[in-house]
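One structure is given here, and the rest of the page talks about it.
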Amino acid sequence: MDPNAHLTRDFVGYGANPPDPQWKSGASLALNFVINYEEGSEPSIPDGDDFSETGLTEGGSPGKGRDLALERNPEACARIRERGYDICAHGWRWEHHQNMPEDVER
């Protein structure tokens with residue numbers, strides 16, 4: 001057995017024989033939009049934090065925090081519910097799973 005077989009990359013994929021996903025109404029294209037709604041969850045002195053955020057944190061939260069953005073905009077929440085959007089959230093806390101022991105994460 002080739003010891004480097006696990007390093008082989010597939011540059012062809014399905015090629016001319018893609019699978020048929022059998023989407024509703026014979027659709028041939030699916031779109032997925034991901035909207036990251038966070039404004040208002042950053043550290044802020046007016047919210048009782050010791051400091052206000054002064055830089056971008058796209059790489060992850062710098063520490064313990066909250067996730068209150070949607071609570072501050074009930075109208076946005078109402079539209080999301082009305083339209084039946086799929087929601088995924090951090091919850092009340094931003095957990096740093098990368099620093100968490102596996103047994104605690106589970």
Side-chain angles (χ1 to χ4, degrees):
M1 179 171 189
D2 180 359
N4 294 319
H6 67 285
L7 301 176
T8 303
R9 295 174 62 191
D10 179 359
F11 291 105
V12 177
Y14 296 113
N17 302 301
D20 180 0
Q22 299 180 9
W23 288 319
K24 291 181 180 180
S25 305
S28 60
L29 178 67
L31 297 177
N32 182 29
F33 293 96
V34 177
I35 309 298
N36 194 6
Y37 193 107
E38 294 183 341
E39 200 64 38
S41 62
E42 71 281 349
S44 171
I45 291 172
D47 286 332
D49 296 307
D50 294 333
F51 65 97
S52 288
E53 183 175 323
T54 59
L56 298 175
T57 58
E58 268 73 8
S61 173
K64 290 184 179 180
R66 59 186 172 275
D67 197 10
L68 300 171
L70 281 172
E71 287 184 359
R72 293 182 161 184
N73 191 339
E75 186 176 342
C77 291
R79 298 302 167 267
I80 289 168
R81 279 192 307 273
E82 288 169 9
R83 293 180 173 123
Y85 293 151
D86 251 340
I87 300 298
C88 180
H90 297 298
W92 285 99
R93 296 177 299 187
W94 189 303
E95 296 284 355
H96 290 269
H97 293 97
Q98 73 273 19
N99 300 324
M100 193 179 288
E102 183 177 347
D103 61 323
V104 173
E105 182 179 358
R106 288 185 183 281

Hey, which of Arg79, Glu75, Arg81 is the one that makes side chain to side chain contact (heavy atoms under 4.5 Å, CB included) with Cys77? Arg81
Which residue pairs pass the side chain to side chain donor-acceptor pair (under 3.5 Å) test with at least one member in residues 11-29, sequence neighbours excluded? none
Check whether Ile80 and Phe33 end up in the same hydrophobic cluster, where Ile, Leu, Val, Met, Phe, Trp and Tyr are linked by side-chain heavy atoms less than 4.5 Å apart. no
Return yes when atom CD of Glu102 has more than 12 non-hydrogen atoms of other residues, nucleotides or ligands closer than 6.0 Å, and no otherwise. no
